[in-house]
Amino acid sequence: MKSEPDSYSIDDLERDGTEPWDGIRNYQARNMMRDDMKVGDKVFFYHSSCKQPAIVGLARIASKAYPDATQFDPNSKYHDPKSSPEEPRWVLVDVKFERQLKRPIPLTELKQHPALDDFQLNKRGNRLSIFPVSKQHWDLILSLE
DNA sequence: GCCAACGTTGGC
DNA sequence: GCCAACGTTGGC
């Protein structure tokens, strides 16, 4: 799962412990949270749009998908006037801090491994803020730590 | 249903 | 700040 450290970093998650992952307004990402994520699933926490884009920590899914309250709040930047509590359009999951990596694994380094060519972060135009990681990729990336 | 315009993401 | 990628919007 990606996050811009300027808005929410791995340090913030460590401080907060568990955080509702609000503001996802992409149908593909929403569907993955709704259909594919299970409590206890492991998560890579990735810092995007910053000096050193990198995988920085581990987390876990801490809840099933439930409606994202910010969509009903007119004062929220995530407000969606087309959504209603009766028929919520957007959901979120809670994410629970597990640990920081011993060192951040920068995107530049991930790109150097041919075995990670088809890892989504390494693909051009990758804009999904949430995507699945295969066991092979997971194990390889963790071994770089 | 097509497609141009526009907005956003995110690496560099 | 630039630019590629790509999702969304809206006119037709």
Side-chain angles (χ1 to χ4, degrees), chain A residues 1-16 18-37 41-134 136-145:
Chain A
M1 298 175 84
K2 296 187 198 172
S3 186
E4 299 184 17
D6 287 345
S7 52
Y8 198 82
S9 71
I10 188 70
D11 297 322
D12 294 324
L13 186 64
E14 179 166 25
R15 180 197 62 216
D16 295 339
T18 300
E19 177 73 5
W21 208 254
D22 61 18
I24 301 295
R25 297 293 181 267
N26 170 285
Y27 287 105
Q28 255 184 290
R30 179 202 67 181
N31 294 347
M32 281 189 272
M33 291 198 291
R34 188 188 60 195
D35 305 331
D36 302 331
M37 287 185 168
D41 281 356
K42 293 187 280 190
V43 174
F44 278 137
F45 195 112
Y46 175 76
H47 280 173
S48 67
S49 292
C50 57
K51 263 189 200 148
Q52 191 190 52
I55 297 173
V56 292
L58 302 181
R60 282 188 192 265
I61 301 304
S63 78
K64 293 201 293 187
Y66 62 95
D68 179 344
T70 62
Q71 68 195 304
F72 311 126
D73 177 2
N75 297 317
S76 169
K77 65 170 171 174
Y78 300 126
H79 181 233
D80 184 347
K82 293 180 184 157
S83 187
S84 69
E86 293 74 34
E87 239 179 309
R89 178 176 297 190
W90 305 108
V91 297
L92 54 71
V93 294
D94 290 344
V95 175
K96 184 173 189 291
F97 178 80
E98 186 151 300
R99 67 175 174 87
Q100 306 248 3
L101 293 190
K102 292 170 202 142
R103 65 177 186 99
I105 302 172
L107 183 61
T108 52
E109 190 174 329
L110 296 172
K111 286 183 186 294
Q112 289 165 15
H113 292 269
L116 294 175
D117 279 352
D118 54 349
F119 182 54
Q120 292 231 16
L121 270 185
N122 287 344
K123 292 192 178 167
R124 267 194 316 166
N126 160 52
R127 297 170 66 202
L128 265 186
S129 62
I130 296 175
F131 58 86
V133 180
S134 72
Q136 287 78 8
H137 288 166
W138 180 277
D139 291 342
L140 174 55
I141 291 164
L142 258 196
S143 76
L144 303 175
E145 188 184 13

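In this text, all values refer to a predicted model and were calculated from it rather than measured experimentally. Naming: A, B, ... by sequence-line order, numbering from 1 per chain.
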Between atom CG in A/Leu110 and atom C1' in B/dG11, what is the gap in whole Å?
13 Å
Could you tell me whether A/Lys123 contacts a base, only the sugar-phosphate backbone, or nothing, with contacts defined as non-hydrogen atoms closer than 4.0 Å?
nothing
Regarding A/Gln71 and A/Asp22, is there a side-chain donor-to-acceptor distance under 3.5 Å anywhere?
no
Can we say A/Arg103 and A/Glu109 salt-bridge, meaning some charged N sits less than 4.0 Å from an Asp/Glu carboxylate O?
yes
Relative to each other, are the rings of A/His137 and A/Phe119 parallel, tilted or perpendicular (30° and 60° limits)?
perpendicular
Kindly compute the distance separating CD1 (A/Ile141) from CD1 (A/Ile55), expressed to the nearest 0.5 Å.
4.5 Å
Check the distance between B/dT8's P and A/Tyr27's OH and give it to me in whole angstrom.
16 Å
Separation of A/Leu121 atom CG from B/dG11 atom C1', in whole Å?
11 Å
Give the rounded distance in Å between these two atoms: CZ of A/Arg124 and C1' of B/dT9.
15 Å
Take the protein atom CG of A/Leu128 and the nucleotide atom P of B/dT9, then report the distance between them rounded to whole Å.
12 Å
Which residue in the set A/Arg25, A/His79, A/Lys77 passes side chain to side chain donor-acceptor pair (under 3.5 Å) when paired with A/Thr70?
A/Arg25
Per A/Leu107 side chain, nearest of listed nucleotides B/dG10, C/dT9, B/dC12:
B/dC12
Nearest-angstrom distance from the residue atom CG of A/Asp80 to P of C/dT8:
12 Å
When you measure from the side chain of A/Ser3 to the backbone N and O of A/Pro5, does any donor-acceptor pair fall under 3.5 Å?
no
May I have the distance from A/Ile24 (atom CD1) to B/dT9 (atom C1'), rounded to whole angstrom?
12 Å
Rounded to whole Å, OH of A/Tyr46 lies from P of B/dT9 at a distance of 15 Å
N/O-N/O pairs, protein side and nucleotides 5-7 of chain B side, under 3.5 Å:
| residue | atom | partner | partner atom | Å |
| --- | --- | --- | --- | --- |
| B/dG7 | N2 | A/Arg127 | NH2 | 3.4 |

